[in-house]
Amino acid sequence: MSHTSRGPTGDRLFARALLEDVGFEVLAFDQDDTPMARTFGKALGWDADMDLENDLFGTYTLVRKP
């Protein structure tokens, strides 16, 4: 299972401790994925209407339920 670790305003949705407390194994937490997000954004043509360097970021958290 994977889930974005930040909401639309950039606020973290879940604390690592909360994920672990409910039984998830945290494989990666709050990892920066901005370069890949910008690569996808460019491939999808978002750069026509958006400043990808200043207005797009990406993060991820990867968890699994053992």
Treating [X] as the side-chain partner and [Y] as the backbone partner, does any N or O pair qualify as donor plus acceptor under 3.5 Å?
| X | Y | value |
| --- | --- | --- |
| Thr34 | Gly58 | yes |
| Arg38 | Leu52 | yes |
| Thr59 | Gln31 | no |

To the nearest 0.5 Å, tell me how far Leu56 CG sits from Lys42 NZ.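 Going from the CG atom of Leu56 to the NZ atom of Lys42 covers 12.5 Å.
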Atom CZ in Phe24, atom CZ in Arg16: separation rounded to 0.5 Å?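 Spacing of CZ (Phe24) from CZ (Arg16) equals 13.5 Å.
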Which heavy atom in Gly23 sits nearest to a heavy atom in Lys65, and how many Å separate them?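 Distance-wise, the nearest heavy atoms are O-CD, 3.8 Å.
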Given Val26 and Glu20, is the side chain to side chain contact (heavy atoms under 4.5 Å, CB included) satisfied, shown in steps? CA-CA 7 Å; Val26 178; Glu20 292 170 338; 3.7 Å; yes
Excluding sequence neighbours, so at least two apart, what forms side-chain contact (heavy atoms from CB on, under 4.5 Å) with Asp51?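 Per chain and number, Asp51 pairs via side-chain contact (heavy atoms from CB on, under 4.5 Å) with Glu53, Asn54, Asp55.
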Side chain to side chain contact (heavy atoms under 4.5 Å, CB included) for Phe29 and Val63? Distances and angles first, verdict last. CA-CA 8 Å; Phe29 184 76; Val63 299; over 6 Å; no
